[in-house]
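Chain letters run A, B, ... following the sequence lines, proteins first and then strands; every chain starts at 1. Because the structure is predicted, anything quoted here is derived from the model rather than measured.
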Number of protein chains: 2
Amino acid sequence: MSTVLSSANIDPQSDNLDTEAQPNGRDGGRAKATDIREAIEQEILTGLRKPGAKLDEKGIADRFAVSRTPVREALQQLATAGLIELIPHRGAFVRSVSIRELIEMFEVMAELEGMAGRLAARRVDADMLAVLQKRMVACRTAAESQDPDAYYHENERFHRAIYEACGNAFLEGEAKRLHQRLQAFRRLQLRVPKRIDQSLAEHETIVEAIDARDEAGCEQVLRNHILIQGERFADFVALLDEPATGTAGS
Amino acid sequence: MSTVLSSANIDPQSDNLDTEAQPNGRDGGRAKATDIREAIEQEILTGLRKPGAKLDEKGIADRFAVSRTPVREALQQLATAGLIELIPHRGAFVRSVSIRELIEMFEVMAELEGMAGRLAARRVDADMLAVLQKRMVACRTAAESQDPDAYYHENERFHRAIYEACGNAFLEGEAKRLHQRLQAFRRLQLRVPKRIDQSLAEHETIVEAIDARDEAGCEQVLRNHILIQGERFADFVALLDEPATGTAGS
DNA sequence: GTCAACAGGATTGTATACAATTTCTATGAG
DNA sequence: CTCATAGAAATTGTATACAATCCTGTTGAC
């Protein structure tokens with residue numbers, strides 16, 4: 001199975017992660033299946049629930065003060081989305097993402113992003129271009145503030161703007177889905193010192209290419225923009241390797 | 001909402017499509033949630049269940065001789081996969097695919113296929129190449145038999161072989177998923193008279209490109225190979241237009 | 001001391017019961 | 001005759017109960 005990121009068996013993780021982890025706002029809207037799905041999804045993507053960790057139905061049900069029924073529906077959805085694995089009669093487990101699979105995902109992401117950029121360069125109108133430029137400026141501001149989290153956020157919005165500009169709603173959906181799936185890793189990746197400056201420079205090049213209606217150029221830059229993240233990330237994990245690695249047995 | 005393919009309101013479709021439509025084989029293995037999902041999925045993809053048609057929980061449950069619980073789980077999965085739409089307190093409906101969305105999906109499919117071809121040309125080994133050639137020959141045999149269904153089947157296997165040869169398991173999964181999603185439309189598309197011959201010729205070009213390790217060439221041919229299907233299909237529906245079109249209001 | 005077999009407990013999968021919401025139908029006003 | 005409204009029937013969403021399966025700890029044979 002090769003190396004795996006971020007092990008489970010660190011903490012039994014009693015599944016009542018927090019007593020305060022109530023759904024949305026006060027109990028105004030009782031937790032529906034969708035709320036539960038989103039909550040757990042977020043916990044997985046942010047790394048709160050570690051790969052390999054088991055998701056206890058009863059525990060989650062108790063935490064949200066509902067029965068197991070809506071919890072199971074949420075788990076079904078998460079399984080179809082590929083975030084967890086549902087083993088019959090054994091339970092639900094956060095899927096372990098191997099380095100290999102992660103690189104593969106970045107490879108596909110790069111292709112989709114490149115495609116979105118190419119289409120955006122072909123189809124963008126004045127309004128959309130203005131939005132993109134605005135998002136890019138926001139990225140620059142965030143970068144200057146030297147706050148990785150702020151940049152992370154603006155970077156997110158910038159890329160989503162590109163998806164939206166591509167004029168292909170289906171592609172937009174697929175790209176957002178995969179983007180979200182990778183978000184936890186992308187975040188880590190931005191810690192690398194000079195990466196933010198480089199990322200920002202690439203953003204500028206991307207917007208210029210779209211402005212110039214340079215389809216091939218935009219595709220190329222955008223694709224590399226993502227691929228670099230994948231490679232950098234691979235380097236990153238190759239460096240630590242031991243610490244948080246190896247789920248079952250290294 | 002623009003034009004939509006294949007309307008629902010043709011037949012109440014009493015949801016007991018068939019009394020004989022029992023699950024797998026005899027009742028040896030009782031119908032689990034997965035079986036139900038696959039059965040319904042197939043019914044949707046083959047066009048048996050038409051876009052907009054409602055999926056009655058109780059009806060399906062009765063048909064498979066189970067309670068509503070596993071049926072609901074199956075529906076959840078299908079909703080996440082994008083095949084049906086789950087409207088709260090209203091029920092599950094087969095998603096209507098607009099022509100626009102369909103073209104968008106073909107556009108993405110073309111990109112993924114092109115990518116798979118490019119990677120296959122880069123990474124293929126002797127064994128995989130042999131498999132591809134074998135699949136291609138099988139396509140030729142089927143084409144010569146003038147049997148659209150036979151060709152459809154072999155065509156399916158040929159494309160899956162390319163996905164498997166690309167060396168990116170994640171891409172392979174995504175491509176197969178989308179491919180399956182489009183299978184119903186692809187099938188229709190092959191009815192066009194000379195399309196099979198042309199498709200076969202393209203297959204031969206693709207294998208040659210992979211054999212020659214011509215990444216760019218293979219990507220190009222494969223991408224067009226899919227895009228043509230999308231365009232042809234758009235032409236196709238534009239032709240009929242009226243007959244089986246328009247779900248809510250034209 | 002090690003390993004296999006078995007019983008008990010715990011957890012998942014399914015069925016049934018009930019609550020919440022929507023849709024259909026009938027009634028009556030305008 | 002049309003439309004709005006109220007109530008009944010049907011359907012979805014959730015909770016609870018039960019069945020099937022798996023995990024754990026103990027016992028006993030070798």
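Atoms CD (A/E57) and C1' (D/dA17) sit 15 Å apart, rounded to a whole Å. In this structure, B/I36 places its CD1 atom 14 Å from P of C/dG13, rounding to the nearest Å. The distance from atom CG of B/D56 to atom P of D/dG13 is 12 Å, rounded to the nearest whole Å. Distance B/R68 CZ to D/dG13 C1': 8 Å, rounded to the nearest Å. The distance from atom NZ of A/K58 to atom P of D/dC23 is 20 Å, rounded to the nearest whole Å.
Within residues 73-90 of chain A, the residues that have a heavy atom under 4.0 Å from DNA chain D are, in order of number, A/H89, A/R90.
No donor-acceptor pair closer than 3.5 Å links the side chain of A/E85 to the backbone N or O of A/F93.
Of the candidate nucleotides C/dA15, C/dT12, D/dT14, C/dA15 has the atom nearest to the side chain of B/P70. Nearest nucleotide to the side chain of B/R72, out of D/dT12, C/dG13, C/dT16: D/dT12. Closest to the side chain of A/A33, out of D/dT14, D/dG13, C/dT14, is D/dT14. Nearest nucleotide to the side chain of B/K54, out of C/dT12, D/dT14, D/dT11: D/dT11.
Heavy-atom minimum distance, A/M128 versus A/E164: CE-O, 3.5 Å. Considering all non-hydrogen atoms of both residues, B/L119 and B/C166 come closest at CB-O, 3.4 Å.
In the model, B/Q77 has no side-chain atom that pairs as donor or acceptor with a side-chain atom of A/Q77 under 3.5 Å. Remark: the B/R186 side chain and the B/H179 side chain contain an N/O donor-acceptor pair separated by less than 3.5 Å.
Between B/T69 and B/G91, it is B/G91 whose nearest contact on DNA chain D lies nearer the 5' terminus.
Between A/I40 and A/R49, the closest side-chain pair of non-hydrogen atoms falls below 4.5 Å.
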